[in-house]
2 protein chains.
Amino acid sequence: MNAIFKALSDPTRRKILELLIEGDMNAGDIADNFPITKASISHHLNILKDADLIMSEREGQTIIYSLNTTVFQETLKWVYDFFDKGSEGHE
Amino acid sequence: MNAIFKALSDPTRRKILELLIEGDMNAGDIADNFPITKASISHHLNILKDADLIMSEREGQTIIYSLNTTVFQETLKWVYDFFDKGSEGHE
DNA sequence: AATATATTTAGACAGTTGTCTAAATAAAGG
DNA sequence: CCTTTATTTAGACAACTGTCTAAATATATT
């Protein structure tokens, strides 16, 4: 869980995830959405991959990134439980 | 939202929140749950407070911390929307 | 094989973060 | 008022992070 929260703590990485929600995308197209170098985006993609939030697959010259929806759902549940406990109030 | 994610990215701070879910607590009692100095805990409490995740109120010599349940719920909704989009799949 | 395209890796560097110790502030009780 | 207790603030420092440039790798095309 720590890796996931660390991964989510950066705005660029959250925006990458938002892009991938719209559909799979190759590294270059992802990078075109940001004002930083492709090398830096590659670094962010690695962190998201280490957290298991995304997956990658080579297709010819390009590498296509996609959401790992399983981990997305698990994280949702985890966060939901975490915050839900707090918002119920305690008797 | 960025401050909230940054705040959540540290394990100590997440554990502080978990403690506060169980009920309000003063700074010293919070610190007793961790192997780091009270000064460091104070620093973490500040970050959580800046993110509006917790509130504080002095009561005599002690300062009592409590969850800001409003922001807790808002964050839950935000995260829910964020992750939910991704787990629905795209047609 | 040589070149072009797509992406990653390596190394460097500045800025941020988590921690510490020491000093400062605030309230309570002699 | 002086001391004790509770907590924060300030300043220092090592570790981590996000970024860059330059070089490396992998595939495709000629």
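Just so you know, these numbers come straight off a predicted model, no measurement behind them. The basis for the numbers below is simple: all heavy atoms, side chains too, and nothing from hydrogens, waters or symmetry mates. Chain identifiers are assigned alphabetically (A, B, ...) following the order of the sequence lines, protein sequences preceding nucleic acid strands; residue numbering begins at 1 within each chain.
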Mind calculating the distance between [atom1] ([X]) and [atom2] ([N]) to the nearest angstrom?
X        : N       : atom1 : atom2 : result
Ile64(B) : dT8(D)  : CD1   : P     : 12 Å
Glu57(A) : dA6(C)  : CD    : P     : 19 Å
Gln61(A) : dT27(D) : CD    : P     : 10 Å
Asp10(B) : dA15(D) : CG    : P     : 17 Å
Phe34(A) : dG18(D) : CZ    : P     : 13 Å
Ile63(A) : dA26(D) : CD1   : P     : 10 Å
Leu8(A)  : dT17(D) : CG    : P     : 14 Å
Ile36(B) : dC13(D) : CD1   : P     : 20 Å

Q | 5' priority, DNA chain C, between Lys38(A) and Glu59(B) [closest heavy atom] | A | Lys38(A)
Q. Closest to the Ser40(A) side chain: dT5(D), dT19(D), dT27(D)?
A.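 Nearest to the side chain of Ser40(A) among the choices is dT19(D).
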Is there a side-chain polar atom (N or O) of [X] under 4.0 Å from OP1 or OP2 of [N]?
X        : N       : value
Asn26(B) : dA6(D)  : no
Tyr65(B) : dA6(D)  : no
Thr37(A) : dC20(D) : yes
Arg58(B) : dA6(D)  : no
Thr62(B) : dA6(D)  : no

Q.
Within the 4.0 Å heavy-atom criterion, would you say Ala39(A) contacts the bases, only the backbone, or no part of the nucleic acid?
A. base
Partner set under side-chain hydrogen bond (donor to acceptor under 3.5 Å, both in side chains) for [X], not counting sequence neighbours:
X        : value
His44(B) : Arg13(B)
Thr70(A) : none
Lys77(A) : Asp81(A)

Q | Contacts of type ring pair (Phe, Tyr, Trp, His ring centres under 6.0 Å), residue Tyr65(A), not counting sequence neighbours | A |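 None.
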Q | Atom pair CD1 (Ile21(A)) and CD1 (Ile16(A)), whose distance is rounded to the nearest 0.5 Å | A | 12.5 Å
Q. What are the residues of residues 42-49 of chain B, sorted by number, that bring a heavy atom to within less than 4.0 Å of DNA chain D?
A. Ser42(B), Asn46(B)
**Q.** Backbone N/O of Leu20(B) and side chain of Asp24(B): donor-acceptor pair under 3.5 Å
**A.** no
Donor-acceptor contacts under 3.5 Å from residues 45-57 of chain A side chains, at least two apart:
from	atom 1	to	atom 2	distance (Å)
Lys49(A)	NZ	Ser56(A)	OG	2.8

Q.
Reading DNA chain D from 5' onward, which residue's closest nucleotide shows up sooner: Lys6(A) or Gly60(A)?
A.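 Its nearest nucleotide being more 5', the pick is Lys6(A).
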